[in-house]
Amino acid sequence: MRHFLLVMVSFITLTARGQNTITNTPVNLQSPDQNLTLKFNQKSFIGNKRMMYYEVSYKGKEVIKESALNIQMDNQLSEKAMALKIDQHKDWCENLEIKEIKTVTHDTTWKPVNGESSQIRDHYNEVDITLVKDDNPIYVVQVQLRVYNEGVAIRYFFPENVKGTYYNVTAENTEFSLPPGTQAWFANWAQAPYYKLPLLNWPGESERPLTLELPNGLFATLAEAQMVDYARTKFKLSTNKPNTIITSMFGEAQLISPVYTPWRVIMVAEKPGDLIEHDYLILNLNEQSRITGNTDWIKSGKIMRVMTQTTADAKAYIDFAAQQNLQYILFDWKWYGPAFSFDSDAAKVAIPDFDLPGIIQYGKDKGIGVWLYVNQQALLAQSDSLFALYCKWGVKGVKFGFVQVGSHRWTTWVEKAIQQAAASQMMVNIHDDWRLTGEQRTWPNLMTAEGIRGNEEMPDATHNTILPFTRYIAGPADYTICYFDKRIKTTHAHQLALAAIYYSPIQTLFWYDNPSQYHQEPELEFWSKIPTTWDETRVIQGVPGQFITTARRKGTKWFVGTITNNEARKLQLSLNFLSKGKKYIASIYFDDQRIKTATHVKITHQKVDASTILDINLKASGGQAIYITDEMQNR
């Protein structure tokens, strides 16, 4: 929903010797608050060859030094088939001439169906630079540059080709030249551990988003947005330029104009927590929702996996889910047969003693919805009819499993599957190596995704403190939080706090747990009360790999989570985010070995207000959760 709109457009067209050509023209673009500056320039070299460059600075501090913009294509197959002129240039961009420069100012607000804030401002200044090949005018490309207060975004747009030729992108080669001494939080794949590395001798390519610590005190994140018709792009080190990162595509992308490439995003902040608070930038770089009409069927909530798939056990899990104020249960793989076989029919139950219609009805009577896991083989073979069938059954959502990722082919396939699910009012959770690039704005039935090293691998507390500053900037993640499983490498208060720190509209709790392990642990009231979508989010404090405190508000209630790494830590927490002049009651959940329960979590209650400063004593790998309500509501 748009509350206000401001769009201003201006054109710069320079004429040189009778031709609309602009050479060696620097373009300076600032963010609305004038803190961020993006500079663009096209330089000429010997042989009339040209190259595009850009720079980014924040309050006068270098973020991205002069770096090349370049996209490489090989369209010869299409050119030959259509009897067109064959482009012989070794570098596809080397003979582009600037024809037009257009500037745009945009300022709107919109409301997400689910989100970390109830409304989002989309405010930027943009320059669109139109270029044409000097020896083949059928090739027109527009370099689009946007500057937000939160960061910079760059992409290419190919308008409809007048001769209908196709575009085969073989590489993009966008450079990010960084100040010497920059450190990166490197992860080799979407479910990999993180390592803090200099820009030297990386053991392969790094996943996106890639969060950077600059020597001048700034923080930055390199990300990808609206990657919906393209090949996934990771980051690698340049082989010939020090301190330089370069984009690395997963194979070629075959495009038909008009078409946009994904956005290359550079988020910039003075504090690492600001990168988290500003992750809506990725959403703003995607199209508005294409789901028209009623969206009441898109319902956020907490979900638990059923570990043993029998009718009796399913009903026991439903009873536990209702008792703990969860909203959903999930039946994981093999309910319809071997998941990796095309012979398995995901339209039929293939295990004994599993009355799925009766289970769905039992859940409906208890207010608990059912999600089903479906592997890629069945999705590939049956998605044209499967989601409509599940809707008829009363199923609420589908978890996509073991999807192939990276290539242009599988990118377009998964995007189509999300759209097919939306057409049948089916929510989606995508697991394994796939990560979001903001398309949940366009298709809000896309609730969450894995692409994270979560509790399936049982990472340590230090890893958990890195994730909010890295993976979660891409969007919601299905970390699969646990509580009772003995393999957990953190304290129980740490796991409690993750539900406030980690954002996911479908939040998995009790992943490896069983209702029989529950012994009336009183601290689980925190999970019972916590929602999964928010009106406001604040990152109060934090350093990647060390600690973080996140506060989230729903209505007048606040939920606060703090975790530390593998080391014990003392912190202070100011509650100045509370409304001034109001009195509140804080329920505090923290680790205490003196408590005579298996989980050793103590609960205290105290009156607080906006001037309160709490002392937090965290055990190694520990945490603290706080539930804050208006004092008047507790009377």
Side-chain angles (χ1 to χ4, degrees), residues 116 301-302 320 322-327 481-484 490-503 507 509-510 518-542 547-564 569-619 621-635:
E116 296 176 90
K302 295 164 284 189
F320 179 77
Q323 181 191 42
Q324 296 299 314
N325 193 30
L326 309 185
Q327 286 70 46
I481 303 172
C482 297
Y483 202 69
F484 297 115
T490 72
T491 69
H492 287 84
H494 183 109
Q495 294 291 315
L496 276 182
L498 292 182
I501 296 169
Y502 292 170
Y503 169 65
Q507 184 78 277
L509 303 176
F510 304 106
Y518 174 63
H519 296 98
Q520 307 295 321
E521 285 80 5
E523 70 272 12
L524 285 173
E525 67 182 20
F526 182 77
W527 278 3
S528 176
K529 293 174 179 176
I530 196 168
T532 63
T533 188
W534 305 95
D535 294 326
E536 182 180 359
T537 294
R538 304 273 192 94
V539 179
I540 308 303
Q541 56 189 344
F547 65 94
I548 186 172
T549 299
T550 302
R552 300 187 191 268
R553 179 181 61 83
K554 187 70 171 182
T556 60
K557 299 175 182 178
W558 285 90
F559 294 81
V560 185
T562 299
I563 58 172
T564 184
R569 191 177 306 275
K570 292 184 178 181
L571 297 170
Q572 286 192 320
L573 171 59
S574 171
L575 302 185
N576 58 8
F577 53 85
L578 299 175
S579 298
K580 291 179 173 57
K582 283 191 173 184
K583 300 294 183 182
Y584 295 85
I585 300 295
S587 299
I588 305 173
Y589 310 82
F590 58 97
D591 300 301
D592 189 337
Q593 285 297 122
R594 296 170 297 181
I595 300 300
K596 305 300 182 182
T597 65
T599 54
H600 305 296
V601 175
K602 185 175 182 178
I603 307 172
T604 62
H605 307 278
Q606 70 180 79
K607 293 183 178 181
V608 298
D609 58 30
S611 66
T612 301
I613 297 177
L614 299 176
D615 291 321
I616 304 177
N617 295 314
L618 300 170
K619 293 180 59 178
S621 303
Q624 182 195 81
I626 308 176
Y627 170 54
I628 304 174
T629 57
D630 192 314
E631 184 181 40
M632 298 298 294
Q633 295 177 339
N634 283 273
R635 292 181 178 177

Throw together a table of side-chain donor-acceptor distances under 3.5 angstrom for residues 526-533, partners on residues two or more places apart or in other chains.
{"residue": "W527", "atom": "NE1", "partner": "L496", "partner atom": "O", "Å": "3.2"}
{"residue": "T532", "atom": "OG1", "partner": "S300", "partner atom": "OG", "Å": "3.4"}
{"residue": "T532", "atom": "OG1", "partner": "G301", "partner atom": "N", "Å": "3.2"}
{"residue": "T532", "atom": "OG1", "partner": "P505", "partner atom": "O", "Å": "2.8"}
{"residue": "T533", "atom": "OG1", "partner": "G115", "partner atom": "N", "Å": "2.8"}
{"residue": "T533", "atom": "OG1", "partner": "G115", "partner atom": "O", "Å": "3.1"}

Salt-bridge criterion met for K583 and E631 (N-O under 4.0 Å): no

NZ/NE/NH1/NH2 to OD/OE distance under 4.0 Å, R552 and E116: yes

Any side-chain heavy atom of [X] within less than 4.5 Å of one from [Y]?
X	Y	value
P522	I603	yes
K302	N325	yes
F590	T604	yes
I588	Q606	yes
Y584	L578	yes
L573	L571	no
Q541	I548	no

Less than 3.5 Å apart, any donor N or O on the side chain of [X] or [Y] sitting next to an acceptor on the other?
X	Y	answer
K619	Q593	yes
T599	E523	yes
Y518	Q323	no

Smallest separation among heavy atoms of [X] and [Y], with atom names:
X	Y	answer
I626	L614	CD1-CD1, 3.8 Å
S587	H605	OG-ND1, 2.9 Å
T564	R569	OG1-NE, 3.0 Å

Test side-chain hydrogen bond (donor to acceptor under 3.5 Å, both in side chains) applied to Y589 and E525, step by step: CA-CA 10 Å; Y589 310 82; E525 67 182 20; 2.6 Å; yes

Checking [X] side chain against [Y] main chain: does a donor-acceptor pair fall under 3.5 Å?
X	Y	value
D591	G623	yes
H494	G622	yes
Q324	A322	no
H600	R594	no
S579	K582	no

Can you give me every donor-acceptor pair (side chain of residues 555-563, partner residue at least two apart or in another chain, under 3.5 Å) with its distance?
{"residue": "T556", "atom": "OG1", "partner": "Q633", "partner atom": "OE1", "Å": "3.4"}
{"residue": "T556", "atom": "OG1", "partner": "Q633", "partner atom": "NE2", "Å": "3.0"}
{"residue": "T562", "atom": "OG1", "partner": "T549", "partner atom": "OG1", "Å": "2.9"}

Check: F510 ring centre within less than 6.0 Å of F320 ring centre: yes

Step-by-step side-chain hydrogen bond (donor to acceptor under 3.5 Å, both in side chains) determination, E521 to T597: CA-CA 8 Å; E521 285 80 5; T597 65; over 6 Å; no

